Amino acid sequence: MKFYPGITLASAITLFVAGSIQADVNIRKFEESQMSKQESGIVQSDVRSKTAESEPVEKNGEPAVAKTPVKAAEKKSTTYFRPSSSYSTQPESDPPRYVRNLSKTGIKAFKDITWLDVGLDHRTRYEFRSNDIRRTDLRLDQPFLLRSRAYVGIREILDPVRGAVEFQDSRRYNGDFPHDDRDFNDYELIQAYGELYFKSALGEDDRKQHRPLRLRVGRMAYEALDRRLLGRNEWRNTTNTFEGFRLNLGQEANDWEVDLWAYQPVRRLLTEFDERIENQWFYGAIGHWRKWSDIITLQPYYMGLTQDGSKTGQIDRHIHAPALRGYGKIGDTGLDFDFNLIYQFGRNGTQEHEAHAYITEVGYTGKHSWKPRISAFYGYATGDRNPNDNVNNRFERFFGFARPWSADDYIVFENIKTPKIKLEFQPATDLRIDGGYSWFWLASSTDRFNNLLDGNTSAVPNPGFNRDVTGNSDDFIGHSVDIRARYKLAKHIDTTVGYSHFTSGEFTRNRQIAALGRSPGSSDFFYVEVVVSAF
């Protein structure tokens, strides 16, 4: 195991140093019914316990108004936080949603143990994939994907020292293709960190909420912003994780918060213990301004990636990305919005790096018991315009979550322009349905379509069959329709059924014919997923 000395020190402190028990913990309750338990998260402050299942919650995450004036005053939320209403962008919570405080598990023997967080869940997904365009062998594949996770976290009892460990085992059965790190990662620690937590280090905000300071050291997996640049990737069978340092000033409930980090990404090894990529550093800062969150939440941020190619024979890379995200609601009109503007510059080997991306979504939620929401989305990320001009224009997607781009996992956040229409509604308390239509074009017809043909590079000297440097293969990737139903079968059992049909565009068909001699013209993806949680 290649951990920093600081991780070992933090773990030792967690085990052997006793501190005073911290009382009056700032507990905030929040549940966002619009998002899937399998696919999206609810951002939490670290001192928040899970919302009781019996407590009424409105769609925007705020506690419902109690029937008596006294209870209403007691339950009134003071948090500045408001979730985004945009489709599939809510980050996984911290700790993850399947985790419960031991005192909240319903086991009477543990009702007074408030200092321990525990979690255990298992997910099984059956997939039916026909003519998967990511493959060079266009066959029917019907794999079973299994993922098991366990979490143990310590809070309060040893304050200011805290810590957590999260285990995950990921496997695929009945698949027709070789093992890869998207589906396999046996017996792995995806989180193992020590934390110093100072509850009131930065005073209080205007609503008398503590503004804490938190420093974590070790292995971490979490999501931020809209998950498109930094995500755990809850859909995929394996998880993005990092080793390094994270410093938080403030918490989610405050009017402002700052998240700072410096990580080395962790390379997923199928059967061995994962190891950090020693020649890469991923670092950045995210600001959260929630003073006006009833109208707009602003998130200015910066991300950077440095790669020392001299250690591995790779190229040197220095990518800088200043950006601004904003989201909110327009009064009581039912309208909501979300935008993200990103610029990138730096060096990519011997080339300059200059790229940009933007995302915008506008939605409307009707005043109906089914809570229908219809939205229009447009996303754009530059591709490399000319392979010979000494400038790399391909947008760097860092370590984001790709599935919001397409339900079948075909599209990632680079060289893409895509409009989408989505419809979401909830016909019953435990049933949520959503679907939509998407169109996909290359932003640059001379750059690659990342996932096509698994990035096949056998066409020498051309970069690969997933790229036509001449631009003669057109720029239309294709269009797709998708639908998904999520149903809570029991208190600890969640199910999802989904289907997506992709119709190939000229670029996809032309490149498949060039590589394989044929193109089926379309592909189908169907899946059934069951998640069982212990608590």
Side-chain angles (χ1 to χ4, degrees), residues 134 225 228-231 240 263-265 267 277-284 301-324 340-359 378-402 405 410-418 440-477 507-508 511 514:
R134 299 173 302 173
L225 300 164
R228 288 188 172 95
L229 295 175
L230 176 55
N240 292 335
Y263 301 137
Q264 289 186 302
R267 178 183 290 109
I277 303 175
E278 297 185 357
N279 70 322
Q280 282 189 6
W281 279 96
F282 177 50
Y283 46 87
Y301 64 96
Y302 163 83
M303 294 185 183
L305 179 68
T306 296
Q307 176 176 288
D308 182 359
S310 64
K311 295 182 179 180
T312 59
Q314 299 171 300
I315 62 174
D316 289 341
R317 302 186 74 211
H318 303 279
I319 310 298
H320 307 279
L324 175 65
N340 202 341
L341 311 172
I342 311 158
Y343 175 68
Q344 294 182 346
F345 64 94
R347 299 290 299 179
N348 189 64
T350 60
Q351 295 181 317
E352 293 183 26
H353 181 85
E354 184 177 344
H356 66 274
Y358 57 87
I359 297 164
Y378 185 78
Y380 178 90
T382 55
D384 190 34
R385 291 190 292 267
N386 185 342
N388 302 312
D389 66 355
N390 206 36
V391 178
N392 176 45
N393 307 114
R394 183 184 299 157
F395 185 77
E396 168 58 53
R397 58 194 176 97
F398 295 121
F399 303 93
F401 179 34
W405 291 97
Y410 290 170
I411 308 299
V412 299
F413 196 7
E414 67 170 47
N415 192 30
I416 189 67
K417 51 184 179 182
T418 173
F440 307 106
W441 283 268
L442 298 176
S444 171
S445 62
T446 58
D447 198 9
R448 70 184 184 185
F449 172 17
N450 183 290
N451 275 337
L452 181 63
L453 298 166
D454 201 23
N456 187 290
T457 58
S458 61
V460 179
N462 291 330
F465 286 119
N466 65 347
R467 181 177 188 178
D468 182 354
V469 295
T470 69
N472 292 332
S473 294
D474 201 81
D475 63 351
F476 186 45
I477 295 172
F507 180 86
T508 302
R511 300 320 296 162

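All values reported here derive from a predicted model rather than from experimental measurement. Scope of the values below: all heavy atoms of this structure, side chains included, with no hydrogens, waters or symmetry mates.
- The nearest pair of heavy atoms linking A443 to G383 is CB-N, 4.1 Å.
- Atoms OG1 and CZ, on T382 and F395 in that order, are 7.0 Å from each other to the nearest 0.5 Å.
- Side-chain atoms of N451 come within 3.5 Å of backbone N or O of Y410 as a donor-acceptor pair.
- Here the CH2 atom belonging to W441 is positioned 5.0 Å from the CZ atom belonging to F476, to the nearest 0.5 angstrom.
- Applying the 6.0 Å contact sphere to CZ of R134 captures more than 12 heavy atoms from other residues, nucleotides or ligands.
- Of all the heavy atoms in I319 and F398, the pair that sits closest is CG2-CZ, 4.3 Å.
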Could you check N340 against R228 for side chain to side chain contact (heavy atoms under 4.5 Å, CB included), going step by step and ending with a plain yes or no? CA-CA 10 Å; N340 202 341; R228 288 188 172 95; 5.9 Å; no
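- Contact between F345 and P322 at its shortest, heavy atoms only, is CE2-CD, 3.9 Å.
- Between the side chain of S445 and the backbone N or O of S473, no donor-acceptor pair lies under 3.5 Å.
- In this structure, the side chains of I277 and Q264 stay at 4.5 Å or more apart for every pair of heavy atoms.
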Show every donor-acceptor pair shorter than 3.5 Å between a side-chain atom in residues 349-358 and any protein atom, with sequence neighbours excluded, or say none if there are none.
residue: H353; atom: ND1; partner: N392; partner atom: ND2; Å: 3.0
residue: H353; atom: NE2; partner: Q344; partner atom: OE1; Å: 3.0

Might you work through the side chain to side chain contact (heavy atoms under 4.5 Å, CB included) test for R394 and N348, ending with a clear yes or no? CA-CA 10 Å; R394 183 184 299 157; N348 189 64; over 6 Å; no
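- Between L452 and F507 the shortest heavy-atom distance is CD2-CE2, 3.9 Å.
- In this structure, CG on D308 lies 5.5 Å from CG on D316, to the nearest 0.5 angstrom.
- Classified by interplanar angle (parallel below 30°, tilted 30° to 60°, perpendicular above 60°), the ring pair Y302/H320 is parallel.
- Taking CZ from F401 and CG from L225, the interatomic distance works out to 15.0 Å, rounded to the nearest 0.5 Å.
- Nearest heavy atom pair, residue F465 against residue A514, reads CE2-O, 3.4 Å.
- For the 3.5 Å distance criterion, the side chains of Q307 and Q280 qualify, holding a donor opposite an acceptor.
- Rounding to the nearest 0.5 Å places CG of L229 at 5.0 Å from CE of M303.
- The heavy-atom pair separating N393 from V391 by the smallest distance is ND2-CG1, 3.5 Å.
- Annotation: side chain of I477 is in contact with side chain of I416 (closest heavy-atom distance under 4.5 Å).
- Under the 3.5 Å distance criterion, the side-chain polar atoms of N415 are matched with a main-chain donor or acceptor of S444.
- How far CG of L442 is from OG1 of T418: 11.5 Å, rounded to the nearest 0.5 Å.
- At a threshold of 4.0 Å, the pair D447-R467 counts as salt-bridged, since one of the basic side-chain nitrogens sits closer than that to a carboxylate oxygen.
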